[in-house]
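A short write-up of the structure that comes next.
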Amino acid sequence: MLSGTSWAFNVSEDLWRSYTWQIQNRIKTLEDLKRFIDLTPEEEEGIRKTQGLYPLAITPYYLSLIDPQDPNDPIRLQAIPRAVEVDPKVQSKAWADPFKEEGQIPGLTHRYPDRVLMVVTTFCAVYCRHCMRKRIFAQGERARTKEEIDRMIDYISAHKEIRDVLISGGEPFSLSNEKIDYILSKLRDIDHVEIIRFGTRLPVLAPQRFFDKELLKILEKHSPIWVNTHFNHPKEITPLAQEAVDNLLRHGVPVNNQTVLLKGVNDDPKVMLDLMRGLLRIKVKPQYLFHCDPVKGAVHFRTTVDKGLEIIDYLRGRISGMGIPTYAVDLPGGKGKVPLLPDYVISREGNTFTFKAFDGSKVVYTIDEPL
Ligand SMILES: *Cc1c(COP(=O)(O)O)cnc(C)c1O
């Protein structure tokens, strides 16, 4: 049985389960997409106007999650271009690189002393319309060369304060197993690098990548490796996504999730509760809920901070603390992420606090140190 609504893809289960097939059969043109979905005029215009700037690519798997009858389907909003992406009125209050990721060494961002971000490719399985690195779409699909990777690794090697390396993109798991093994081996040769993390959306966009036993063995060999993925909606939690996550967990790779708060997709407390519950069911830990960044081409997905706080407040008491992500906003100028919390301390006098409990009641509690 094929997963999801595999309507219109007349393929064997073997092919559907093949990552290579999913990538080779990505939908990349207006004509192609029209074979599967009745596009709205806004979408048709969007696909034409974003060509070359913010390209279109959707795996058959991710496309199959769309309800073609629903113009506001949350998968559709994340995957199909709309004209608003290039509307100057809407996008003028946004920046290509608001967080100053681009630095001295191509692909490397060293913001926090102990952590470094490596962007190893511009390729993605699906070009998410809300991508925070939308600026790199126009560079075409290009993986960093061995020389470029070596430069990044030399930098990490020379900076002893770096303990944590985040490998992202683009889609880092689009690299070949050999290249992934090469990068991990080089990083493991550096004594001060303790933790290696991948920022990947393939569990959501093409979970078939993690059916590859060779890749899983490479990750296991270079333990501790962590995966940060990016589920945004409960519809994305499918049996195939679960299988991918299971494979990672079985090979010792914990899977954490970073959701982005997106207007029309998940800016609804009930949807978010469903998502967080679904993630815990497949043993994915919700780590962050990011406020949508002012990124050119994606700023129309922004909602208010009050909406984000409302969602976090709604989750409290309805799901285990394990299922409540840290709501965070990225500060401009490369000043990093800061957490945002609803006000649980209503007032405070000395050590006497008035708290708001999960059920909304007020509790006065004096928390003294022992003498
Ligand atoms: C988000 C980010 C990190 C990782 O931050 P964590 O809070 O540890 O997940 C590291 N470097 C850069 C540039 C980042 O944007």
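On a predicted model such as this, the values are computed, not experimentally measured, just so you know. Both counts, for ligands and for their atoms, begin at 1 and track the order of listing.
- Residues Y61 and T238 have side chains that bring a donor and an acceptor to within less than 3.5 angstrom of each other.
- Remark: ligand 1 atoms within the under-4.0 Å shell around heavy atoms of T109 are 13 (C).
- Judged purely by distance below 3.5 Å, without hydrogens or angles, the side chains of Y62 and E236 pair a donor atom with an acceptor atom.
- Side chains of N177 and D212: a donor-acceptor N/O pair is present below 3.5 angstrom, by distance only.
- The single protein non-hydrogen atom nearest to atom 9 (O) of ligand 1 is R197 NH1, 2.9 Å, given as residue, atom name and distance.
- Comparing R115, R111, K337 by heavy-atom distance to atom 3 (C) of ligand 1, the nearest is K337.
- No donor-acceptor contact under 3.5 angstrom links the side chains of T200 and T229, judged on distance only.
- There is no side-chain donor-acceptor pair under 3.5 Å between Q24 and Y19.
- Distance from atom 7 (O) of ligand 1 to its nearest protein heavy atom, with residue and atom name: Y288 OH, 2.5 Å.
- Annotation for ligand 1: atoms under 4.0 Å from non-hydrogen atoms of Q287 are 9 (O).
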